[in-house]
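Proteins get letters first, then strands, A, B, ... in listed order; numbering begins at 1 in each.
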There are 2 protein chains.
Amino acid sequence: MPRLETLCQERGVKLTKPCRTVLGVIERARDHPCAQEIHRRVQEERPISLGTIYRVLNRLAAAGILTRHAFNGSRMRFEAPSHRHHHLVDVRTGQIVEIDDGEFMLLIEQTVERLGYRLIDFKVEVTAERVTPAERP
Amino acid sequence: MPRLETLCQERGVKLTKPCRTVLGVIERARDHPCAQEIHRRVQEERPISLGTIYRVLNRLAAAGILTRHAFNGSRMRFEAPSHRHHHLVDVRTGQIVEIDDGEFMLLIEQTVERLGYRLIDFKVEVTAERVTPAERP
DNA sequence: GTATATGCAAAAGCTTTGCGGGTTC
DNA sequence: GAACCCGCAAAGCTTTTGCATATAC
């Protein structure tokens, strides 16, 4: 059984057809699709209403099986959490590149503790532009 | 003249009454108000329509005089950019605490360059909970 | 004086929700 | 069999926009 479906069972999320179909789309996704894009991809397999897509996505996010993002405050986007990572938005193309956690974690944890808080989660969101080969040193 | 009004002149943004009033609210704000909250505060001084509030805020953000945020994908929030800083959302209270840039900049710049990009901007958004005095070592 | 901003109200997204019938465990 | 989920369609929210008028430079 696919990894995310197992998670659903463990956490008591019912494995309905819409749920399975959405999970399939998410597992195959190489990007960070929004609800409407997920709806579009789901239609290729089975007709499921947009309202249900939203309900399924919210259920999965509430169970911690998916993660919600909102880059630059645009519409919600979803992905399966793998290792902790962050996002770079390319201003020229709008493409979203993943950045590994690397050493951010330690630095942020220290800073947060200094302020008297305990770190629960964090996101780094970078805006950048690709350096073309000609510009490279 | 207030600091932000000077910036408007320099960047060719017309100093209309709605614009001045919004800038006043932002300069006095100790928090990160959303458009509707700004509208509410503006009403205490002068009747200005919500549509105009949005247009003014977008104009100011486009000119780089204000910064837009959308914490956890909720509605847009605005603030005057001072020094570069980031945000910690307290899960218990919803309060937003500012975090100084500190050493984030250097680390992120290096990481982004390694991926072949030039850093334009970045945000760090932390979720955390306050450590109560009793829990402190 | 001219280009641009505002007010008003309507519209345009995105997301949620109420209800009756269907599905999962 | 009980609880929960789905489809549909309507409503809710935030944000944008068209048009006639008013305002800043």
Side-chain angles (χ1 to χ4, degrees), chain A residues 1-2 4-25 32-43 45-63 65-78 94, chain B residues 1-2 4-26 32-43 45-63 65-78:
Chain A
M1 188 186 304
L4 294 182
E5 294 194 5
T6 313
L7 263 177
C8 285
Q9 282 196 319
E10 289 171 8
R11 305 195 187 171
V13 173
K14 270 190 196 163
L15 279 173
T16 64
K17 278 175 203 155
C19 185
R20 281 178 207 269
T21 316
V22 166
L23 288 177
V25 167
H32 304 76
C34 64
Q36 321 228 7
E37 177 58 27
I38 291 169
H39 181 238
R40 218 168 292 130
R41 297 184 195 178
V42 161
Q43 297 315 300
E45 298 176 52
R46 194 196 303 282
I48 294 174
S49 77
L50 183 56
T52 296
I53 298 290
Y54 274 106
R55 275 195 273 224
V56 167
L57 288 172
N58 288 337
R59 208 175 308 144
L60 291 170
I65 294 164
L66 297 184
T67 309
R68 300 161 64 123
H69 298 283
F71 304 110
N72 297 321
S74 58
R75 73 197 89 177
M76 286 295 172
R77 288 163 181 284
F78 296 83
Chain B
M1 192 185 302
L4 295 181
E5 295 194 4
T6 312
L7 263 177
C8 284
Q9 284 196 318
E10 289 171 9
R11 304 193 187 173
V13 173
K14 270 191 194 164
L15 279 173
T16 65
K17 279 177 202 153
C19 185
R20 282 178 207 267
T21 315
V22 166
L23 288 177
V25 166
I26 297 275
H32 304 76
C34 63
Q36 320 227 10
E37 176 59 27
I38 292 169
H39 181 238
R40 217 169 293 131
R41 297 183 195 176
V42 161
Q43 298 315 301
E45 299 176 52
R46 194 195 306 279
I48 294 173
S49 77
L50 183 56
T52 297
I53 299 289
Y54 275 106
R55 277 195 273 224
V56 168
L57 288 171
N58 288 338
R59 208 175 306 143
L60 291 170
I65 294 165
L66 296 185
T67 308
R68 300 160 64 121
H69 298 283
F71 304 111
N72 297 321
S74 58
R75 72 195 89 176
M76 286 294 173
R77 290 165 179 282
F78 297 83

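- Residues Pro47(A) and Thr52(B) both approach DNA chain D. Their nearest nucleotides, taken by heavy-atom distance, put Pro47(A) toward the 5′ side.
- Across the protein-nucleic acid pair, Ile48(A) atom CD1 and dC8(D) atom P stand 11 Å apart, rounded to whole Å.
- Proximity note for Lys17(A) (side chain, C-beta onward) versus dT24(C), dT6(C), dG7(D): the nearest is dT24(C).
- Nearest heavy-atom pair, Cys19(A) versus Val56(A), reported as atom, atom and distance to 0.1 Å: CA-CG1, 4.0 Å.
- Checked options Glu37(B), Gln36(B), Gln43(B); the residue passing with His39(B) is Gln43(B) (criterion: side chain to side chain donor-acceptor pair (under 3.5 Å)).
- Separating the CD1 atom of Ile53(B) from the P atom of dC8(C) is a distance of 12 Å, rounded to the nearest angstrom.
- The NE2 atom of His39(A) sits 17 Å away from the P atom of dG13(C) (whole-angstrom rounding).
- Rounded to an integer number of Å, the gap from CZ of Arg68(B) to C1' of dT14(D) is 12 Å.
- In this structure, of dT15(C), dT6(C), dT14(D), it is dT15(C) that holds the atom nearest to the side chain of Ala35(A).
- A donor-acceptor pair under 3.5 Å is absent between the side-chain atoms of Arg41(A) and the main chain of Val25(A), judged by distance alone.
- Residue Leu50(B) is in base contact, counting any heavy-atom pair closer than 4.0 Å across all strands shown.
- When all heavy atoms are compared, the tightest approach of Leu50(A) to Ala35(A) is CD1-O, 4.4 Å.
- Spacing between atom CD of Gln43(B) and atom C1' of dT6(C) amounts to 13 Å, rounded to whole angstrom units.
- Rounded to whole Å, atom P of dC8(C) lies 17 Å from atom OH of Tyr54(B).
- Taking both residues in full, the closest heavy atoms of Glu5(B) and Leu23(B) are given as CG-CD1, 4.0 Å, listed atom of the first, atom of the second, then distance.
- The residue among Val13(B) and Arg55(A) whose nearest nucleotide of DNA chain D is located toward the 5' end is Arg55(A).
- Of the listed nucleotides (dC25(C), dC6(D), dT6(C)), dC25(C) has the atom at the smallest distance from the side chain of Leu15(A).
- In terms of position on DNA chain C, the residue among Asn58(A) and Thr16(B) whose nearest nucleotide sits closer to the 5' end is Thr16(B).
- Distance CZ (Arg20(B)) to C1' (dT6(C)): 16 Å, rounded to an integer number of Å.
- Heavy atoms of Arg59(A) sit under 4.0 angstrom from primed sugar atoms or phosphate atoms, though from no base atom.
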